[in-house]
Amino acid sequence: MKKSTLLLFLTIAAIVLNSSCNQKKSEKIAFGGEAQGTYYSITYFDSLNRNFQPQIDSLLKAFDQSLSLWVENSIISRVNNNDTSASIDPLFEVVFNTSQMISEASGGAFDITVGPLVKAWGFSFKKGVNPDQNMIDSLHQLVGYHRVKLVNHKLIKDDPRIQVDFNAIAQGYSSDVIGDFLESKGITNYLVDVGGEIIGKGSKPDDKPWIVGIEKPADSATAERVVTKKIKLKDQAVATSGSYRKYFEKDGKRYSHTIDPATGKPVDHHLLSVSVIAPSAILADGYATAFMVMGTKKALEFLDNHPELQAFFIESDNKGGYIESYSKSFKTLIDSTTVVKE
Ligand code: ADP
Ligand code: MG
């Protein structure tokens, strides 16, 4: 090595060493709370050691003011009540447009206009009755994602009785919105989990990927959560839809809270849970619900043409056991270095 080259090399090495010594260590910040009728849990690394919990709590409140069916004067509630003064905000717009895109892609398996049917089934089951076929038929006529449109910040419906329901997708989007907020503060390594819809960006300081657990189907709505698989999440999101935790029960039979828009009835197959890995939590959440309606076989065919999505399916074998299926590249995401209790 020439003397001048050696000198240059040593200078660069000294600069690199010096700047890495000057870099402040990133502190781990972790907190959680309640939102959207469920929990949230956030972890990130910040060299400035900032705690953004109050800002994130306000952000989640603002989110519900737009998209929650449980908030009486939210934009979605006002739209469902045909309040023509309700103006659509950017959160609503993103969720609406993404929902319509997933409806189109899934051949209508995903459909936000199932609202009246979701209400009827839930309400009827609380009263211990099945909605009769006449009722299903009349509410089914109100279903059709192409019957609602956004025009000049207003939701235009074909029929005033149409009601929209964002519960299959809004929670996922809230994880993305929190992630975007953290990025706006210069944070690039974070894990955001809102009720099991999770986005992981960057990595931990030792460059290890974020690891998240996928839950084993539970026997009842209140059973303890047990992890069946651990997956590595690098700049990706995961969401799980399941018929094992949220369901209606009548005469010992469980009915899913996912409605098949084609029949107007709860989906009725052996699929207990679907976990989807996608570039954003809104897509993971929306597609998890769509796949729940499509069933494993159709969903796997769909995934063959959508390499940006990966999924993991757990079906019941009807003998108390489980059958697991994966999309092509899902296995590469499984973390085999951590032991999982079976
Ligand atoms: P979870 O993650 O709790 O399993 P999902 O994300 O699957 O929940 O969303 C289920 C909710 O989505 C239902 O409670 C209902 O409000 C709504 N929903 C039901 N069926 C559909 C459907 N086919 N398309 C879009 N939304 C639906
Ligand atoms: Mg969903």
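Predicted model, so just to flag it, every value in this text is computed and none were measured. First listed ligand is number 1; within each ligand, the first listed atom is number 1.
- For the ligand labelled ligand 1, residue S103 lies outside the 4.0 Å heavy-atom shell.
- For the Mg ion (ligand 2), the N/O/S atoms of E197 include none lying under 2.8 Å.
- Heavy-atom distances between M292 and ligand 1 stay at or above 4.0 Å for every pair.
- At a 3.5 angstrom cut-off on N or O pairs, V293 does not count as close to ligand 1.
- Contact annotation for T240 and ligand 1: only backbone heavy atoms (N, CA, C, O) come within less than 4.0 Å of the ligand.
- Here is the list of ligand 1 atoms found below 4.0 Å of a heavy atom in D285: 6 (O).
- Among I102, V94, T289, L67, the single residue meeting the side-chain contact (heavy atoms from CB on, under 4.5 Å) criterion with I169 is I102.
- Here atom 26 (N) of ligand 1 lies nearest to A168 when heavy atoms of A284, G115, A109, A168 are compared.
- Set against the non-hydrogen atoms of T258, the atoms of ligand 1 under 4.0 Å away are 19 (C), 20 (N).
- An N or O contact shorter than 3.5 Å is missing between V114 and ligand 1 by distance.
- Checking only distances, G242 does come within under 3.5 Å of ligand 1, N or O to N or O.
- With a 4.0 Å heavy-atom cut-off, ligand 1 is reached by the side chain of E197 but not by its N, CA, C or O.
- Using a 4.0 angstrom heavy-atom cutoff, P261 counts as in contact with ligand 1.
- Residues D304 and K328 are paired through a salt bridge, judged by an N-O separation under 4.0 Å between the basic side chain and the carboxylate.
- Checked against the 6.0 Å centroid threshold, F302 and Y287 count as a close aromatic pair.
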